[in-house]
Engineer: 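One structure is given below, represented as structure tokens, and several questions about it will come after.
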Amino acid sequence: MSTTVTEEVEAGVLVREGVYGDSVAAIEPGGVEYIPAAERHGRPIELFWTWMSPNFEFATVYVGVLPVVLFGGGFWLTVLGLVLGTALGSVTHGWLSTFGPRYGVPQLIQSRGAFGFVGNLLPAALNTLTSGAGWVAVNSVSGAFAVQTFFGHVGWRVPPFWLALAVVVSVEVAIAFVGYNMVHRFERVIFPFLGLVFAACCLYIFGHTNAQLGFNAAAPAAAGGQVGAFILAVFFAYAYAVSWNPYGADYARYLPRNTPALRVALAAGLGIFVSCALLEIAGAALATVAGTSWGPNDVPTDQFVKPLPDALGLIATVAIALGAVAANVLNLYSAAMSFLTLGIRLTLRRRRAIVAVAFGIVGFGVGLTGGAAPGSKYEAFLFFNTYWIVPFIAVVLTDWTVRRGRYREAGFFDPRHRPWKGVVAMVAGIAASFPFWNQTLFVGVVPSNAPQVGDISFVVGCVVAVITYLALRPRATAPSAPVPPAIAAPRPPSR
């Protein structure tokens, strides 16, 4: 005997069509619409491995390599900077993840509350670009290099780069195409393997670490001294952790609305912090290991296996490739939703899945250009992400705090909802940070004259965005009045 239970949904809220439930094999229907109560499922703990597995990859390791190799940072100060930067990005990630069960929509839909339908086009477009083209390419290239390293280790004919890249991207696309439940299950299944392999690798790397390594004034970009190198270590780690923030609610929006917010925040935030901090510290340690080489013609993944026994090195290449897939499954999934947030109307029932395939093709093309590998323009890409993400997140969280989390959810889908203060504050934050940029593509006036400040653009961008937004808002803002519910979202018959 089956029963039907209805949920009252506010008028104007777009509800995701179809029945999905908790089936792993079913292709997730719809796109960026509200997830009704009948479709909510899962537990907060699932967010822990969903955010742990994607960071068990070489791109995370390389975040720790950069401050030592490029800026000459000493080992222990670099470790401190990496932990501090990762912690800052993890806290906001946990906070944003709580928006998933509360509002039942993706992060870039929820941000329309602060930015409006039109103003939100800016962060949605930037996130589409950086996740769908940038991160997909960066991680896929790392995975392709790992595939080539594996074949070389076992004595097989090494496949051409384009073929290895195509294999990695195809697996990523297949998982992202199926959807939310498959993404969570995949991250859970590979979590034990990735955790054990990378833990073993870290033990060997730490055993070969030159922990007494101090500041290296001969490093390619060591003009800022040890203070500048420390600040840049904070920046790199923060940039990597905060790059996941625009996805926060995406992977929690199917959780029941009454899921405890603290448990959601801890599971998501610790998933980011533990995995990133561990592998970034391993990267800093790897940079001190005798025999590793970080020149422009050296393959970074080859350096990772040098301190490892042959058997572990072989397994590590498999883990690196799987870690790249784990990361890009999320990047492709969220890139598709960011694209749909742009307001482009696709009536196809599987629109999210089809858009994910399209971005897999885009990422493959970018990866073939050769400019997306760790060791090429990777550090510039990390910086670029942070320049826009930090002011964006600052506005979202400030608006949420001022409103005390109270939104008319119909406003998330209303093209007439067009506040201008959010996008002005975000642009002001980006503009104010410009003189503080310190990267290989551009050095602002402040680090040009005082290189010891490293790059504090993320602090400046955040502070300016918050102050601008608060200054533009009325002094007293009453929460938006609720709209009487008018739509009944039916619960599917029990199976």
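Hydrogens, waters and symmetry mates are skipped; everything else that's a heavy atom, side chains included, is used.
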Engineer: Are Asp399 and Arg473 close enough, and set up right, to give a salt bridge (Lys or Arg N to Asp or Glu O under 4.0 Å), and what steps lead you there?
Structural biologist: CA-CA 10 Å; Asp399 181 76; Arg473 285 186 62 84; 3.5 Å; yes
Engineer: Name the one of Trp437, Phe436, Phe442 that satisfies ring pair (Phe, Tyr, Trp, His ring centres under 6.0 Å) with Tyr387?
Structural biologist: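 Option passing the ring pair (Phe, Tyr, Trp, His ring centres under 6.0 Å) with Tyr387: Trp437.
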Engineer: Scan side-chain atoms only and decide if Asn328 and Ser140 contain a donor-acceptor pair under the 3.5 Å cut-off.
Structural biologist: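 Yes, a side-chain donor-acceptor pair sits under 3.5 Å.
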Engineer: Can you find a pair of side-chain heavy atoms, one from Phe186 and one from Val178, that are under 4.5 Å apart?
Structural biologist: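 The answer is no; the side chains never approach within 4.5 Å.
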Engineer: Once rounded to the nearest 0.5 Å, what's the spacing between atom CZ of Arg253 and atom CD of Glu39?
Structural biologist: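 One gets 11.0 Å once the value is rounded to the nearest 0.5 Å.
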Engineer: If you round to the nearest 0.5 Å, how far is OH of Tyr180 from OH of Tyr20?
Structural biologist: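 One gets 9.0 Å once the value is rounded to the nearest 0.5 Å.
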Engineer: Distance only, no hydrogens: is a donor on one side chain within 3.5 Å (strictly under) of an acceptor on the other, for Asn127 and Tyr247?
Structural biologist: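 Tyr247 and Asn127 do not have a side-chain donor-acceptor pair below 3.5 Å.
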Engineer: Apply the test side chain to side chain contact (heavy atoms under 4.5 Å, CB included) to residues Asn181 and His41: give CA-CA distance (whole Å), side-chain angles for both, the deciding distance (0.1 Å), then the verdict.
Structural biologist: CA-CA 10 Å; Asn181 292 339; His41 60 275; 2.8 Å; yes
Engineer: For Glu28 and Tyr333: C-alpha separation, side-chain torsions, deciding distance, then whether side-chain hydrogen bond (donor to acceptor under 3.5 Å, both in side chains) applies.
Structural biologist: CA-CA 11 Å; Glu28 181 187 5; Tyr333 184 90; 2.8 Å; yes
Engineer: Centroid-to-centroid, Tyr240 to Trp135, below 6.0 Å?
Structural biologist: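 Here the rings of Trp135 and Tyr240 have centres that are less than 6.0 Å from each other.
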Engineer: Measuring from atom CG of Leu129 to atom CH2 of Trp388, what distance do you get when rounded to the nearest 0.5 angstrom?
Structural biologist: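 CH2 of Trp388 is found 9.5 Å from CG of Leu129.
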Engineer: By the definition ring pair (Phe, Tyr, Trp, His ring centres under 6.0 Å), identify the one residue from Phe236, Phe230, Phe235 that meets it with Phe71.
Structural biologist: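 With Phe71 as partner, ring pair (Phe, Tyr, Trp, His ring centres under 6.0 Å) holds for just one option, Phe236.
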Engineer: Could you tell me if the side chain of Trp95 sits less than 4.5 Å from the side chain of Thr98, heavy atoms only?
Structural biologist: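 In contact.
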Engineer: Rounded to the nearest 0.5 Å, how far does CD of Glu57 lie from CZ of Phe198?
Structural biologist: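 Rounded to the nearest 0.5 Å, the CZ-CD separation comes to 8.0 Å.
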Engineer: Where does the angle between the aromatic ring planes of Trp49 and Phe191 fall among parallel (under 30°), tilted (30 to 60°) and perpendicular (over 60°)?
Structural biologist: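 Trp49 vs Phe191 ring planes: tilted.
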Engineer: Are Asp250 and Ser334 close enough that a side-chain donor and a side-chain acceptor fall under 3.5 Å?
Structural biologist: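 Looking only at side-chain atoms, Ser334 and Asp250 do form a donor-acceptor pair, the distance falling under 3.5 Å.
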